[in-house]
Amino acid sequence: MTQMYIVRHGKYIHSEEPPYDLGLSSVGILQAQKLRDRLAGENLGIDVLISSSMKRAIQTAEVLSSVLKLQVEIEPDLDEWRNQGVNGLTEDELASQFDSLPVDQHAYISPGPGLETWGEFGFRVCNALNRICQKYSNKTIAIVAHGGTIEASFVYCYGISPLAATPFMMRLTPANTPISHWRYIHKVNAWRLEKHNDTCHLKETLNH
C-alpha cells in the first residue's frame, strides 16, 4: 500500500528582507529533534524522505534523516505559496492584498503581478504529490514541507478541485512539526486520513 506522512517544518526565523527564510530557530530545531526522537521509537517503515527546497523544510528533514537512515530528496514543487518578497511586498502586505479580494475570487486572482494564485499553488502541490505517489507506489513516503502543502494534501487525497478548495484549505492551520498520515486503500481506490496535526511529541513548554 502507499502511505504518506507529511510533516510541516519547525518554527523558523523569518526576515522581511531577502533571503526571507533564515532557517530554523532554536525552538524549531528542538521541535525537529523531538519529532526525530519520536520516530526513533516508532517503526513506520519509511522508504523515502522528500523535502521542499525551502531552507526551513530542508533543515527539518536533515534532522529526521539521521534516524530514518535516508537521504533527503528535494522537490521544489512542494514549496510554500510562492509570493514572499516579490515587488518588495512584506508578508503582511501580501496577506492584506489577498484578503481584500472577494473570497470566491481567491483561487483566480493574483494578489500582485507575477504572484501565484491559490488555484495555481494548489494545482502545483497536488501535481507534485501525485507524481511522488506514482513514482513511489506501494511505498511509505515521508514528506517535509509546509502548512500549505498539508492543506493541499486534503485537496489531492479527497479529489477536490484546487479552484474550489481555497476557503477549505485555509481553515486547516497545521502547527509546527505535526504529522499528517494518509493511507491509500486499494480496495476502494481512495485515500484515508489516519491522523492530522499530531504533535504529541512536543512538550507543552515548547512555543509551537
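- In the model, His9 has no side-chain atom that pairs as donor or acceptor with a side-chain atom of Gln59 under 3.5 Å.
- Here the straight-line distance linking atom OG1 of Thr177 with atom CD1 of Ile29 works out to 12.5 Å at 0.5 Å rounding.
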Side-chain donor-acceptor pairs under 3.5 Å in residues 63-76, sequence neighbours left out?
{"unit_1": "Ser65", "atom_1": "OG", "unit_2": "Glu62", "atom_2": "O", "d": "2.7"}
{"unit_1": "Ser66", "atom_1": "OG", "unit_2": "Val63", "atom_2": "O", "d": "2.9"}
{"unit_1": "Lys69", "atom_1": "NZ", "unit_2": "Ser66", "atom_2": "O", "d": "3.3"}
{"unit_1": "Glu73", "atom_1": "OE1", "unit_2": "Tyr136", "atom_2": "OH", "d": "2.6"}
{"unit_1": "Glu75", "atom_1": "OE1", "unit_2": "Arg131", "atom_2": "NH2", "d": "3.0"}
{"unit_1": "Glu75", "atom_1": "OE2", "unit_2": "Asp77", "atom_2": "N", "d": "2.9"}
{"unit_1": "Glu75", "atom_1": "OE2", "unit_2": "Arg131", "atom_2": "NH2", "d": "3.2"}

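- Looking at every heavy atom in both residues, Ala152 comes nearest to Cys126 through O-SG, 3.6 Å.
- Gln105 places no side-chain N or O within 3.5 Å of a backbone atom of Pro102 that could act as its donor or acceptor partner.
- Between Glu116 and Trp81, the shortest heavy-atom distance links the atoms O-NE1, 3.0 Å.
- Here the side chains of Ile179 and Lys195 are in contact, with some heavy-atom distance below 4.5 Å.
- Between the Ser25 side chain and the Lys11 main chain, a donor and an acceptor come within less than 3.5 Å of each other.
- Pairing each heavy atom of Ser180 with each of Ile150, the nearest pair is OG-CG2, 3.7 Å.
- Shown here is Asn189, whose CG atom has more than 12 heavy atoms of other residues, nucleotides or ligands within 6.0 Å.
- Side-chain contact check for Gln33 versus Arg36: some heavy-atom pair is nearer than 4.5 Å.
- Looking at His146, its side chain never comes within 3.5 Å of a backbone N or O of Ser52 through a donor-acceptor pair.
- Inter-residue side-chain proximity for His181 and Tyr5 is flagged as met; some heavy-atom pair is nearer than 4.5 Å.
- Just one residue in the list Val144, Ile6, Ile132 forms a side chain to side chain contact (heavy atoms under 4.5 Å, CB included) with Ile50, and that residue is Ile132.
- Checked for salt-bridge contact, Asp21 and Lys55 miss the test: no charged N lies under 4.0 Å from a carboxylate O.
- In this structure, Trp191 and Tyr156 have tilted ring planes: the angle between them lies in the 30° to 60° band.
- Nearest heavy atom pair, residue Ala107 against residue Thr117, reads O-OG1, 3.1 Å.
- Counting only distance, with no hydrogens or angles, the side chain of Arg56 and the backbone of Tyr12 share no donor-acceptor pair below 3.5 Å.
- Under the ring pair (Phe, Tyr, Trp, His ring centres under 6.0 Å) criterion, Phe123 pairs with no residue, sequence neighbours left out.
- Under the 3.5 Å distance criterion, the side-chain polar atoms of Arg124 are matched with a main-chain donor or acceptor of Asp79.
- Ser153 places a side-chain heavy atom less than 4.5 Å from the side chain of Leu129.
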